[in-house]
Chemist: 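My questions all concern the structure below.
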Amino acid sequence: MQYHDVRVHPETERLPRSGQLAWKIAQVAADPVPVDIEVTEMVVNRLIDNASVAVASLNRHSVVSARAEALAHRRPDGATLFGMGPDIRVHAEWAAWANGTAVRELDYHDTFLAAEYSHPGDNLPGILAVAQQCHRSGADFIRGAATGYEIQIDLARAICLHKHKIDHVAHLGPSVAAGIGTLLRLPPAVIYQAIGQALHVTTATRQSRKGEISSWKAYAPAHAGKMAVEAVDRAMMGETAPAPIYEGEDGVIAWMLDGKNAQYHVPLPAQGEAKRAILSSFTKEHSAEYQSQALIDLAFKMGRKISDWDAVEDILIETSHHTHYVIGTGANDPQKFDPHASRETLDHSIMYIVAVALQDGAWHHERSYAPERARREDTVRLWRKIHTVEKPEWTERYHDANPDRKAFGGRIIIRMKDGSVLEDELAVANAHTLGATPWQRTDYIRKFRTLSEGIVPQEEVRRFLDVVQKLPQLQAGELHMLELQLPAASLQQSKAEGIFNFGQSRTEVDVPKPSAVLAS
């Protein structure tokens, strides 16, 4: 890896294009380096993972609404929508929107945590949509996916957004644009403009993940993917972007991040170096914020030693800065203790998550968040006895560059009313590469079979798993075969009309004209 020094440059010392971070990212995207076999296999795993969580969310309100919007933008031979089979096609940017929302709705797919937080699997819906619409092959898509993961993870390693209350999807817009650039084999000059545009239009505040968390939490990464598709389209037509987008005196770093005195050291692969960042990311065994994964596993173990929950006096979780301040009591969000809070809020409350995991010894993506489960009186009493504290050693391990020491867990200390103490710690989740049961292909397949049970016909499950595992061999125009076909009666339709489909049924929606560039 090469480390690039990034700082603000005033107009009086105009930074040439060759020195700009967006240009260096574009060069990485345009590098035709082969994809390692381990990376190819992991891309397949993450496609299965995304399909799992998308299927499980297809009838949730946000996903139904996003799908309704996409269906109002049909296009023959465009991109497919989760659950609707290969024959229903829409414009690529709208497929990125609807499918990205489905993937993110349950917050149950892969993660990478460093200076910034990220869910790099959010790259895949936008890149796949363009690959389908532009008749690219499975190998082309894999190359694009490897770039998307690489750029988002490299940015997350070096540039903290949340400290300045900027949402983490500000790294996703550039990474999707770069991934599409790789997919389409675009020249660096075009990718550079697309990255600048994508970053410019995907910066937003973290209020979407604060307080009473709304449905926008699922929409935010989908919106970034959609914006990236449109940015690439404009750049291919010769349109330009604000520059230097990162380093300019009125740019992102100067006014949204660390300011005019900022110094970042961004790692990127050298010319000819394989893009392997996807192998540093990790998926979720449990449907909850990633920092809760190890603590859920630990709570399963500790909960078996307690028979009377009212005998618990107090529970302290010692953990990292992020866990304490984002999903712990350090966030100072009263909603994290509210039995009537939304699912989106509950899965960002480590206090709620640990309480339920202790009592149930299991975790389910729906039952564990059901209103009746959250409002159970003994759970509420236990929940409100839990608090968190940051411990420097856990924060240090969270940021450790050594993958053998990097950890996202913590220590749970349970004090009983009789004075006895039960305590234990777990550094990484069982499913982590260094965990007790690190995930393999069979685990991703099991997750897909579990989440698709009762939703996807078994014959379709078998067909999808067969096709997705042949991804590297899929030829140009065959990527639509990755789309799952659900019975029409299994998919809910929006009961409300938005602007896009006002006054007409979906079958009557006019087909928009193809965009000038993404038509091939």
Chemist: Could you check His348 against Glu289 for side-chain hydrogen bond (donor to acceptor under 3.5 Å, both in side chains), going step by step and ending with a plain yes or no?
Modeler: CA-CA 6 Å; His348 277 58; Glu289 176 80 355; 3.2 Å; yes

Chemist: Do side-chain atoms of Glu460 reach the backbone of Pro457 as a donor and acceptor pair under 3.5 angstrom?
Modeler: no

Chemist: Please evaluate residues Asp122 and His109 with respect to the criterion side-chain hydrogen bond (donor to acceptor under 3.5 Å, both in side chains), reporting the C-alpha separation (whole Å), side-chain torsions for both, the decisive distance (0.1 Å), and the verdict.
Modeler: CA-CA 9 Å; Asp122 291 335; His109 60 327; 2.8 Å; yes

Chemist: Which residue in the set Lys284, Arg104, Lys447, Arg46 passes salt bridge (Lys or Arg N to Asp or Glu O under 4.0 Å) when paired with Asp110?
Modeler: Arg46

Chemist: Quick check, are the ring centers of Phe112 and His171 under 6.0 angstrom apart?
Modeler: no

Chemist: Would you call the rings of Tyr192 and Trp23 parallel, tilted or perpendicular, taking 30° and 60° as the class edges?
Modeler: perpendicular

Chemist: Evaluate side-chain hydrogen bond (donor to acceptor under 3.5 Å, both in side chains) for His365 paired with Tyr108, printing each intermediate quantity in order.
Modeler: CA-CA 8 Å; His365 65 284; Tyr108 194 6; 5.5 Å; no

Chemist: Considering only NZ, NE, NH1 and NH2 on the basic side and carboxylate oxygens on the acidic side, decide whether Arg463 and Asp466 come within less than 4.0 Å.
Modeler: no

Chemist: Taking Asp140 first and then Arg185, would you say they form a salt bridge - that is, a charged N and a carboxylate O separated by under 4.0 Å?
Modeler: yes

Chemist: Of all the heavy-atom pairs spanning Ala177 and Ala198, show the shortest one and how long it is.
Modeler: CB-CB, 4.1 Å

Chemist: Do any N or O atoms from the side chain of Glu105 and from the backbone of Ala54 form a donor-acceptor pair under 3.5 angstrom?
Modeler: no

Chemist: So is Arg446 actually on top of Trp439's ring, under 6.0 Å and inside 45° of the axis?
Modeler: yes

Chemist: Taking only Lys NZ, Arg NE, NH1 and NH2, and the carboxylate oxygens of Asp or Glu, determine whether Asp360 and Arg367 approach each other closer than 4.0 Å.
Modeler: no

Chemist: Could Arg449 and Glu453 be called an ion pair, given the rule that one side-chain N must be under 4.0 Å from one carboxylate O?
Modeler: no

Chemist: Run the salt-bridge test on Lys217 and Glu344 with the 4.0 Å N-O cut-off and return the result as yes or no.
Modeler: no

Chemist: Which residue is it: Leu128, Asp87, Thr80? I am looking for the one with a side chain to side chain contact (heavy atoms under 4.5 Å, CB included) to Glu483.
Modeler: Thr80

